[in-house]
Amino acid sequence: PCAPGKPLLNVILSGVDPPPELHKLSDARKAEYQDAVLRTMRNPEVKRLHIMAERDLMPGWIAELESRDPISYRTKVFLGRTRVGRLSFSYAIRYANEELKSGEVVLLTNADLAVEGGFGCENLSEEKLFQNTVLIPQRLEDDMCDRHLAKTCDARNFVGKVSLPSCFDSYVFRAPLKPEEITEERFGLLIGGEWQAENSFIKELRGIGVSVYSPQAAVVAVYPRLAGFNTGQ
């Protein structure tokens with residue numbers, strides 16, 4: 001049951017861990033991933049992080065976080081499945097449908113986005129997050145971000161932006177989500193790995209009768225650090 005102060009959110013993350021011969025994380029990129037995951041696991045609104053390991057073990061860059069916050073790590077970080085490879089929407093949703101209890105709240109998001117606020121009982125109760133509904137938090141950019149997409153993806157200037165849907169990369173729903181219709185053929189797109197995959201994912205969701213919308217942002221989703229929204233707007 002939903003209660004103020006009780007964590008609701010199950011976060012499903014790709015355990016980014018490419019083979020060294022194909023691609024090695026730079027120190028800067030590793031630090032971004034670690035900063036984001038550390039902030040997420042320290043968030044009192046987060047119940048558990050479910051790591052989908054690309055290979056056969058917990059990625060080293062995630063395991064290293066245990067020494068930085070052993071209590072949060074041991075309480076919240078869970079190795080959901082291994083040998084997943086690049087994580088797809090179909091795999092992530094099927095995992096939620098198969099492994100989580102009915103009614104659990106799920107967030108699919110990128111490993112470089114941290115969950116900071118707006119995901120509590122006041123916004124994600126059964127009266128606000130219905131079954132077969134997907135909410136898309138609006139991403140905001142870090143004020144210090146100097147990337148070329150910073151202004152394009154900044155939802156603080158939402159009105160008048162035509163390319164913002166491509167910057168929607170987090171999805172909230174209540175499990176199970178249409179288990180009979182989440183097929184590899186329709187939802188095999190990679191999370192965070194294919195251009196315009198977000199738009200195709202939303203189109204397919206609506207095609208199977210899922211309501212998809214993005215509430216007006218009241219708290220922030222910041223690259224690479226924070227994510228949040230307020231369904232009370």
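All of these numbers come straight from a predicted model, not from anything done at the bench. We use all heavy atoms of the structure for the numbers below, so side chains are in, but hydrogens, waters and symmetry mates are not.
In this structure, L65 and M41 approach most closely via the heavy-atom pair O-CE, 4.0 Å. Of all heavy-atom pairs spanning N43 and K76, the tightest one is O-NZ, 2.6 Å. Contact between V105 and R174 at its shortest, heavy atoms only, is CG2-NH1, 3.6 Å. Between R186 and I208, the shortest heavy-atom contact is NH1-CG2, 3.2 Å. Taking each heavy atom of R83 and D56 in turn, the nearest pair found is NH2-OD2, 3.5 Å. The shortest heavy-atom contact between A36 and A114 is O-CB, 3.1 Å.
Taking hydrophobic clusters as Ile, Leu, Val, Met, Phe, Trp and Tyr residues chained together by side-chain heavy-atom distances below 4.5 Å, I71 does not share a cluster with V115. By the criterion of side-chain heavy atoms lying less than 4.5 angstrom apart, applied directly or through intervening Ile, Leu, Val, Met, Phe, Trp or Tyr residues, L87 is grouped together with F78 in one hydrophobic cluster.
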>> Set out, in order, the CA-CA distance, both residues' side-chain angles and the distance that settles side-chain contact (heavy atoms from CB on, under 4.5 Å) for I182 and F89, then state yes or no.
In response: CA-CA 9 Å; I182 302 299; F89 288 105; over 6 Å; no
Check the pair C2 / L124 against side-chain contact (heavy atoms from CB on, under 4.5 Å), numbers first and verdict last. CA-CA 8 Å; C2 186; L124 298 179; over 6 Å; no
Carefully, step by step, assess W61 and V16 under the rule side-chain contact (heavy atoms from CB on, under 4.5 Å).
-> CA-CA 9 Å; W61 66 269; V16 180; 4.3 Å; yes
Take I136 and I202 through the test side-chain contact (heavy atoms from CB on, under 4.5 Å) and record every step on the way to the result. CA-CA 10 Å; I136 303 178; I202 294 168; 3.4 Å; yes
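Within the 4.5 Å cutoff, no side-chain heavy atoms of V84 are placed close to those of E54. Contact check for H50 versus L100: side-chain heavy atoms found under the 4.5 Å cut-off. Residues L57 and T82 have side chains not in contact (no heavy-atom distance under 4.5 Å, counting atoms from C-beta outward). The shortest distance between side-chain heavy atoms of V172 and V106 does not fall below 4.5 Å. The closest side-chain heavy-atom distance from K6 to C121 is not below 4.5 Å. Looking only at side-chain heavy atoms (C-beta outward), I62 and Y73 come within less than 4.5 Å of each other. With contacts defined as side-chain heavy-atom distances shorter than 4.5 Å, the pair V212/R206 qualifies. Residues S14 and I191 are not in side-chain contact: their nearest non-hydrogen atoms beyond the backbone lie 4.5 Å or more apart.
Looking at residues two or more places apart in sequence or on another chain, you find no side-chain hydrogen bond (donor to acceptor under 3.5 Å, both in side chains) involving E126. Evaluation of the side-chain contact (heavy atoms from CB on, under 4.5 Å) rule for P179 yields N97, P176 as partners, not counting sequence neighbours.
A salt bridge links R81 with E98: at least one charged nitrogen is closer than 4.0 Å to a carboxylate oxygen.
How far CD1 of I12 is from OG1 of T109: 11.0 Å, rounded to the nearest 0.5 Å. Once rounded to the nearest 0.5 Å, the distance linking NZ of K178 with CG of L205 reads 10.5 Å. The structure places CZ of F119 at 9.5 Å from CG of L135, a figure rounded to the nearest 0.5 Å. A distance of 4.0 Å separates CZ in R29 from CG in D112, rounded to the nearest 0.5 Å. Atom CD of E122 sits about 13.0 Å away from atom CD of E127, to the nearest 0.5 Å. Considering OG of S90 and CD1 of I93, their distance stands at 7.5 Å, rounded to 0.5 Å.
Relative ring orientation between F201 and Y171 is described as perpendicular, the plane-to-plane angle rising above 60° on a 0-90° scale split at 30° and 60°.
Side-chain N or O atoms of R55 include one that pairs as donor or acceptor with a backbone N or O of D17 at under 3.5 Å.
Tested against T40 for a side chain to side chain contact (heavy atoms under 4.5 Å, CB included), the candidates D35, L49, V77 yield a single pass: L49.
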